[in-house]
Amino acid sequence: MNAAQTPLPVIVIAGATGTGKSAAALAAASAVGGTVINADSRQVYADFPIITAQPADEEKNRVPHALYGFLRCAEKLSAGKYAALARDAIAAAHAASRVPILTGGTGLYLNALLGGIAAIPPVPEALSKAWQERCKAEGPRALHAVLRDRDPRSAAKLHPNDSQRITRALEVLEATGKPLGYWHDLPRPAGAYDALGICLDVSLGELTPRLQTRIEAMIEAGALREALAALERCPDPDAPGWSGIGCAELHAHLTGKTDLDTCKARWLQHTRDYAKRQITWFRRDNSLLHLVPDDTDGLLAACARHLGR
RNA sequence: GCCAGGGUAGCUCAGUUGGUAGAGCGAUGGACUGAAAAUCCAUGUGUCGGCGGUUCAAUCCCGUCCCCUGGCA
């Protein structure tokens with residue numbers, strides 16, 4: 001048996017925001033000699049370590065961490081770029097004889113990494129912007145009509161209000177000369193990993209008070225100072241980094257649009273909405289092993305079994 | 001105590017010239033192939049404050065009681 005052909009083992013720890021993924025990853029990484037690799041679309045931003053709940057320095061010193069806080073506020077990540085970065089990080093971990101432990105709540109990123117993603121060439125940013133502007137001006141329904149004309153198959157799949165996916169379909173069509181469906185039909189390179197997927201489950205009812213406490217703790221830890229510093233470096237609220245929950249609400253507060261109570265109330269509401277969407281996303285994936293966050297023994301046992309130890 | 005305005009969905013309120021009611025928000029469920037902490041979809045029975053009366057029929061009109069808000073004492 002050739003070792004190079006054996007799928008490389010990885011451990012994935014998913015779950016909604018605030019369920020304790022980072023702590024679980026740290027415990028698992030300490031136990032098996034792992035590297036924690038970020039699978040979260042927001043924890044990549046260097047300007048928002050507190051607000052996006054990135055691991056603290058103390059935690060990073062205990063175990064190697066990768067793909068946290070490396071992106072500037074004005075820079076944009078995508079599922080495809082993430083998958084490429086994560087593949088490199090996984091390879092680096094294996095090269096260092098460490099077990100990659102992917103941790104994060106961005107389901108699309110995990111799918112792109114583990115299940116592969118269509119090989120669509122990059123769309124020039126100017127083109128993408130142009131469609132977004134037009135969507136803003138004319139409304140998604142008008143663009144849906146355009147799409148129905150040029151790419152009926154994509155149009156049939158998309159709701160006329162879904163501005164984001166409609167503009168995406170249009171920009172891909174214009175940039176590549178081929179409809180989205182063409183690209184999606186192409187075989188996509190599967191992730192050559194032997195993955196153990198774990199999902200930490202907490203009901204929304206239990207999670208909500210914890211999320212509220214976490215927001216207070218973030219403010220205590222200097223979230224406002226962090227946002228203020230980011231505001232100086234990158235004032236544009238439409239910059240990709242500002243779209244994170246908490247960031248957007250703090251931007252509005254710090255630029256005098258809302259008072260702090262309103263800011264905190266919206267922050268909590270949006271975090272809760274998000275957690276609900278994540279729960280929906282991970283619920284349908286029946287390859288996941290579902291654990292309660294406190295079950296460290298169960299977590300470590302599952303990891304050991306997966307690694308054949 | 002008097003005057004006025006209110007009491008309708010979890011919340012804020014609309015409405016019914018008398019035929020048992022609907023918006024927004026919330027909540028719940030769902031979708032998700034390169035912005036995904038994004039984007040989008042679906043779901044509305046509630047003693048219409050209590051009790052009496054008028055009426056074929058009352059959440060709506062009348063009486064009475066309770067509660068809230070403001071003003072006057």
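Fair warning: this is a prediction, and the values are worked out from it, not measured in the lab. The chains referred to below are lettered A, B, ... by the order of the sequence lines, with proteins before strands, and numbering in each begins at 1.
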Contacts table for residues 177-185 of chain A: side-chain donor-acceptor under 3.5 angstrom, sequence neighbours left out:
from: A/Trp183; atom 1: NE1; to: A/Thr176; atom 2: OG1; distance (Å): 3.0
from: A/Asp185; atom 1: OD1; to: A/Arg153; atom 2: NH2; distance (Å): 3.2
from: A/Asp185; atom 1: OD2; to: A/Arg153; atom 2: NH1; distance (Å): 3.1
from: A/Asp185; atom 1: OD2; to: A/Arg153; atom 2: NH2; distance (Å): 3.4

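Geometric assessment of A/Arg277 against the ring of A/Trp281 yields a negative cation-pi assignment under the 6.0 Å and 45° thresholds.
Relative to the side chain of A/Arg168, the nucleotides B/A35, B/U33, B/A37 differ in distance, and B/A35 lies closest.
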Could you write out each protein N or O paired with an N or O of nucleotides 10-12 of chain B at a distance under 3.5 Å?
none

Collect all protein-nucleotide pairs involving nucleotides 27-30 of chain B in which both atoms are nitrogen or oxygen and the distance is under 3.5 Å.
from: B/A27; atom 1: OP1; to: A/Gln269; atom 2: NE2; distance (Å): 3.3
from: B/A27; atom 1: OP1; to: A/Arg272; atom 2: NE; distance (Å): 2.8
from: B/A27; atom 1: OP2; to: A/Gln269; atom 2: NE2; distance (Å): 3.0
from: B/A27; atom 1: O3'; to: A/Arg272; atom 2: NH2; distance (Å): 3.1
from: B/U28; atom 1: OP1; to: A/Arg272; atom 2: NH2; distance (Å): 2.9
from: B/U28; atom 1: OP2; to: A/Arg272; atom 2: NH2; distance (Å): 2.5
from: B/G29; atom 1: OP2; to: A/Lys276; atom 2: NZ; distance (Å): 3.0
from: B/G29; atom 1: N7; to: A/Lys276; atom 2: NZ; distance (Å): 2.9
from: B/G30; atom 1: OP2; to: A/Arg283; atom 2: NH2; distance (Å): 2.4

Exercise. Using Watson-Crick and G-U wobble pairs whose two distances are both under 3.5 Å, how do you write the pairing of RNA chain B as dot-bracket, with | for links to another strand?
Worked result: (((((((..((((.....[..)))).(((((.......))))).....(((((..]....)))))))))))).
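The only member of A/Leu170, A/Ile166, A/Val123 that meets side-chain contact (heavy atoms from CB on, under 4.5 Å) when paired with A/Trp131 is A/Leu170. Partner of A/Arg283 under the side-chain contact (heavy atoms from CB on, under 4.5 Å) criterion, chosen from A/Ile279, A/Asn286, A/Asp285: A/Ile279.
Remark: A/Arg72 engages A/Glu75 in a salt bridge, criterion side-chain N to carboxylate O under 4.0 Å. Note on A/Lys129 versus A/Glu125: salt bridge recorded, some NZ/NE/NH1/NH2 to OD/OE distance being below 4.0 Å.
Listed in residue order, the members of residues 241-259 of chain A having a heavy atom less than 4.0 Å from RNA chain B are A/Ser243, A/Gly244, A/Ile245. Applying a 4.0 Å cut-off to non-hydrogen atoms, the residues of residues 152-162 of chain A that approach RNA chain B are A/His159, A/Asn161, A/Asp162, listed by residue number.
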